[in-house]
Amino acid sequence: MKFNLFSRAILTKDFPQYGLKHGDMGVVVEHIARPTEEDGYIVEFFDAQGQTVDVVPFLESDLEQPRSNTILTYRELDRVA
């Protein structure tokens, strides 16, 4: 398991179907162990006020650990209709 529960995870690419972009940070809320395929994670994303934006499943390869040489950004959320 690459990510611990309730740890931060960063998206490695855009997911326009969810209005999420490369670099968006969420919190891992569930690990999905798959013995013959890549593990997955359920990640919860929050807005700047702490409200849940979405809870989405991802493959482990869609996520990376936060690094110390990075900075958080602030952007408008692209809402999906």
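Since this is a predicted model, take the numbers as computed values, not measurements. Throughout, residue positions are numbered sequentially from 1 according to the sequence presented.
Between the OG1 atom in Thr70 and the CD atom in Gln65 there is a gap of 11.5 Å [rounded to 0.5 Å]. Rounded to the nearest 0.5 Å, atoms NE2 (His31) and CZ (Phe3) are 10.5 Å apart. Atoms CD and CD1, on Glu60 and Ile32 in that order, are 11.5 Å from each other to the nearest 0.5 Å. The CZ atom of Arg75 sits 4.0 Å away from the CG atom of Asp24 when rounded to the nearest 0.5 Å.
A side-chain donor-acceptor contact under 3.5 Å links Asp14 to the backbone of His22. Under the 3.5 Å distance criterion, the side-chain polar atoms of Asp54 are left unmatched by any main-chain donor or acceptor of Val56. In this structure a side-chain-to-backbone donor-acceptor pair under 3.5 Å is present from Thr12 to Asp62. Asn4 contributes no side-chain N or O that, together with a main-chain N or O of Ser7, makes up a donor-acceptor pair within less than 3.5 Å. Tyr41 places a side-chain N or O within donor-acceptor distance of the main-chain N or O of Lys2, the cut-off being under 3.5 Å. Side-chain N or O atoms of Asp39 include none that pairs as donor or acceptor with a backbone N or O of Ala33 at under 3.5 Å.
Side chains of Leu77 and Val53 form a contact here, defined as non-hydrogen atoms less than 4.5 Å apart. Taking the side chain as every heavy atom from C-beta outward, Ile10 and Leu63 never approach each other to under 4.5 Å.
Side-chain contact of Glu44 with Thr52: a donor-acceptor pair under 3.5 Å is present, judged by distance alone.
No single ILVMFWY cluster, assembled from side-chain heavy atoms under 4.5 Å apart, contains both Met25 and Val28. A chain of hydrophobic side-chain contacts below 4.5 Å, direct or via other Ile, Leu, Val, Met, Phe, Trp or Tyr residues, connects Phe6 to Phe45.
The salt bridge (Lys or Arg N to Asp or Glu O under 4.0 Å) search around Glu38 returns none, not counting sequence neighbours.
The one candidate from Ile42, Leu5, Val43 that meets the side chain to side chain contact (heavy atoms under 4.5 Å, CB included) condition with Val29 is Ile42.
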